[in-house]
Amino acid sequence: MKVTSFSSKFLLFSILAGVSLATSYDGPLYDFTAYTECREIPEKPLYNGGILNDEYPENLNFTANSATIAYSTPAFILHNLSKGTIYCFSAWIKIQGVYSALIRASLKTENTTYNCIGTVLAKSGCWSFLKGGFTLDSPSDLSLLLFKNAGDDKDINVEITSASLQPFTDQQWRINQQYIINTERKRAVTIHVSDEHGDRIEDAAITLEQVSKDFPFGSAIASTILGNSPYQKWFVERFNAAVFENELKWYATEPEQGKLNYTLADQMLEFVRANKIITRGHNIFWEDPKYTPAWVRNLTGGDLQLAVNSRIQSLMSKYREEFIHWDVSNEMLHFDFYEQKLGPNATLHFYETAHQADPLATLFMNEFNVVETCSDVNSTVDTYISILEELKGGGVSMDGIGLESHFTIPNLPLMRAILDKLATLELPIWLTEVDISSKLDKQTQAIYLEQVLREGFSHPSVNGIMLWTALHPKGCYQMCLTDNNLQNLPAGDVVDKLLKEWQTGEVIGQSDDHGSYSFYGFLGEYKVSVTYGNRTANSTFSLCRGEETKHVGIIL
């Protein structure tokens, strides 16, 4: 996927869509290009190299392990980096000395070391694409952008070409985000008003209201919502999607072998169904043994296989076509309980069986530390991609990319670069469990939450966002939107602000001399009312993705 230029209608579109721009935008345009395959010939640098245009890396010598190992690494020497500027970088990497290696980009300034600002699983003999980014906490007169083997300090040869470093101011970044929102989340509509003879009617009064949103934006809920009318009202007024926090997990539905209990899940499903809220199924299996029922941990061989088959059939036959997604394998990049017990094809079997049980559900792999950081060697973007491709090669027919998104301090350009790379798979991408660490104060949580939500909503390949903010009497997992009296905390204010920003408010206008009225609206369902004299007509229409203007005819 690539966005390299704004269309000629950018300024007009932005003005109509409510973006404040005094003049046409002439700053850098974010490039979504990414590559996952290893290539014999590298592509040209993004942004023509940006501020690295005509710059070449230098090989610097380092020592490690108490100076017993010496190694060299390519590095760019950077001057005069600014605090708050968003720096996007990319490069093509080739290695020699080993078949493959995880190459990690890091940044050293006078005061700070940013240990990971991008990774790539590079291979010998071909070029691999690394994409990442960083922002600085303080300005730097002299910095080093380093590329080294993340696995150990073994001295392997790392070659860099087509490197690029492109700065964006905060305003430029926001303008680029808003452009994508305007083009991917909204669409032009023209209402045509005529009489029963087909003659155009001028000066007809038109009122439009968006009654539902196309983009799924929701939150986790727990059994605490049952019987709590104020909480239910608060939730329904905001969200069009939900996920059960724990109530569908194996330890909740079958704490003892053969004693199934879906009571809470059934009651929660009644609530979301009654309010026309779509719901994700979370989860069928959790690879972390800590969250696997004790009786399951004690099974082996055929007994364990029978138990997992029974789990899938029981869960998915009961809830067939009720849940839009299923997180089939939760956190398999970090844990491998079932693979250790049942062999390397255990997960593939899970997906095959789940697909047979509910062919219309999209089957997800759900994982943490994919977009949150690149420091976790277990869940780098290339590791995630390789597992998904392995599942696809094994015959999994429907799959999705679940990114838990449990952030502490988000690295926005890195997050975007990772989403770009995952987007090359052309699979549904959801941010499935968004929150900000409770180690931060509530105001800081809110600031970072807004940054993460804007990144997700403005990326063209993200199909939905779920918050991990189920409310409990003693608080939430990491971050709450409200207190126990449903009064907004700072994070709740952010969510309400964005929900209002990302919907079409009431639109009032009148038809022109062609009998038409045009506006840009967020994707979703609309009601339209047209009045002329003593005549009134009401209608509805759906606004879905499309580059062409949506035309709606109203006859008075």
Side-chain angles (χ1 to χ4, degrees), residues 243-244 246 248-260 262 265 280-368 370 378-379 382-404 422 425 427-430 432:
V243 60
F244 300 171
N246 298 313
L248 282 172
K249 292 169 182 172
W250 200 354
Y251 66 73
T253 61
E254 194 176 2
E256 296 180 49
Q257 188 171 12
K259 295 183 178 180
L260 296 169
Y262 293 110
R280 303 189 73 249
H282 175 79
N283 54 53
I284 302 178
F285 296 107
W286 198 339
E287 290 283 353
D288 188 346
K290 182 169 65 173
Y291 298 106
T292 301
W295 65 268
V296 175
R297 294 198 299 268
N298 294 327
L299 298 177
T300 58
D303 290 337
L304 179 58
Q305 190 64 64
L306 286 173
V308 299
N309 288 345
S310 175
R311 160 69 173 170
I312 297 175
Q313 294 298 338
S314 168
L315 188 67
M316 301 195 69
S317 61
K318 177 175 178 58
Y319 295 119
R320 181 183 173 93
E321 299 181 3
E322 291 281 6
F323 295 95
I324 60 167
H325 302 160
W326 278 105
D327 290 330
V328 176
S329 185
N330 202 49
E331 300 176 357
M332 66 174 295
L333 298 184
H334 289 90
F335 308 101
D336 61 352
F337 171 80
Y338 294 100
E339 283 69 21
Q340 289 288 339
K341 292 275 191 174
L342 298 174
N345 291 325
T347 301
L348 181 62
H349 171 72
F350 295 164
Y351 278 88
E352 290 174 339
T353 309
H355 177 62
Q356 293 169 2
D358 191 350
L360 296 182
T362 304
L363 306 182
F364 273 66
M365 193 172 85
N366 197 44
E367 192 56 74
F368 67 92
V370 181
N378 294 307
S379 52
D382 289 313
T383 304
Y384 197 115
I385 288 171
S386 67
I387 295 297
L388 283 171
E389 290 180 334
E390 182 180 321
L391 290 170
K392 185 177 180 181
V396 173
S397 58
M398 294 180 71
D399 44 6
I401 297 171
L403 306 172
E404 292 186 15
L422 291 169
L425 300 178
L427 295 173
I429 299 175
W430 279 56
T432 56

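Just so you know, these numbers use all the heavy atoms, side chains as well, and skip hydrogens, waters and symmetry mates. Just so you know, these numbers come straight off a predicted model, no measurement behind them. Position 1 is the first residue of the sequence; numbering continues from there.
- In this structure, the side chains of Tyr251 and Asn246 come closer than 4.5 Å at one or more pairs of heavy atoms.
- In summary, the side chains of Ser329 and Tyr351 do not present any donor paired with an acceptor at a separation below 3.5 Å, with no hydrogens or angles considered.
- Glu367 places a side-chain N or O within donor-acceptor distance of the main-chain N or O of Leu333, the cut-off being under 3.5 Å.
- Looking only at side-chain heavy atoms (C-beta outward), His349 and Asn309 come within less than 4.5 Å of each other.
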Inset, instruction - Kindly determine whether Ile312 and Phe350 satisfy side chain to side chain contact (heavy atoms under 4.5 Å, CB included), including the steps that lead there. - result: CA-CA 8 Å; Ile312 297 175; Phe350 295 164; 4.2 Å; yes
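- A 4.5 Å side-chain heavy-atom check between His282 and Phe244 finds every atom pair outside the cut-off.
- What you find for Ala307 and Leu299 is that their closest heavy atoms are CB-CD1, 3.7 Å.
- Of the possible polar contacts, one joining the Arg297 side chain to the Pro289 backbone as a donor-acceptor pair under 3.5 Å is found.
- Ionic pairing of Lys392 and Asp399 is not present here: no N-O contact between side-chain nitrogen and carboxylate oxygen is shorter than 4.0 angstrom.
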Inset, instruction - Start with the C-alpha gap between Leu422 and Ile385, add the side-chain angles, then the distance that decides, and say whether side chain to side chain contact (heavy atoms under 4.5 Å, CB included) holds. - result: CA-CA 7 Å; Leu422 291 169; Ile385 288 171; 3.8 Å; yes
Legend entry - Test side chain to side chain contact (heavy atoms under 4.5 Å, CB included) applied to Glu321 and Asp358, step by step: CA-CA 6 Å; Glu321 299 181 3; Asp358 191 350; 3.9 Å; yes
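- Side-chain contact between Met316 and Thr353 is absent, with no heavy atoms from C-beta onward closer than 4.5 Å.
- Heavy atoms of other residues, nucleotides or ligands lying less than 6.0 angstrom from CD of Glu390 number 12 at most.
- For the pair Glu352/Asn345, no side-chain contact is recorded, criterion being any heavy-atom separation below 4.5 Å from C-beta on.
- Residues Ser314 and Tyr262 share a closest heavy-atom pair of OG-OH, 2.7 Å.
- Within the model, atoms CD of Gln356 and CD of Gln313 stand 8.0 Å from one another, a figure rounded to the nearest 0.5 Å.
- Smallest separation of non-hydrogen atoms from Ala357 and Arg320: O-NH1, 2.7 Å.
- For the side-chain contact (heavy atoms from CB on, under 4.5 Å) with Ile401, the lone residue among Thr432, Leu427, Asn366 that qualifies is Leu427.
- Leu363 and Ala354 make their closest contact through CD1-CB, 4.1 Å (heavy atoms, listed as atom of the first residue, atom of the second, distance).
- In this structure, Phe323 and Tyr319 have perpendicular ring planes: the angle between them is above 60°, well past the 30° mark.
- Of the possible polar contacts, none joining the Tyr338 side chain to the Met332 backbone as a donor-acceptor pair under 3.5 Å is found.
- Applying the ring pair (Phe, Tyr, Trp, His ring centres under 6.0 Å) rule to pairs touching residues 293-318 yields Trp250-Trp295, sequence neighbours excluded.
- Between Pro293 and Glu254, the closest side-chain pair of non-hydrogen atoms is not below 4.5 Å.
- Within the 4.5 Å cutoff, no side-chain heavy atoms of Gln305 are placed close to those of Lys341.
- Across Asn330 and Asn283, no two heavy atoms sit closer than the pair ND2-ND2, 3.4 Å.
- Smallest separation of non-hydrogen atoms from Leu342 and Gly301: CD2-O, 3.8 Å.
- Put simply, NE2 on His325 and OG1 on Thr362 are 4.5 Å apart, with the number rounded to the nearest 0.5 Å.
- Centroid-to-centroid, the aromatic rings of Phe337 and Tyr291 stay 6.0 Å apart or farther.
- When side chains are defined from C-beta on, Asn378 does not count as touching Thr383, because their heavy atoms never get closer than 4.5 Å.
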Inset, instruction - Test side chain to side chain contact (heavy atoms under 4.5 Å, CB included) on Glu389 and Leu425 and set out the steps. - result: CA-CA 9 Å; Glu389 290 180 334; Leu425 300 178; 3.8 Å; yes
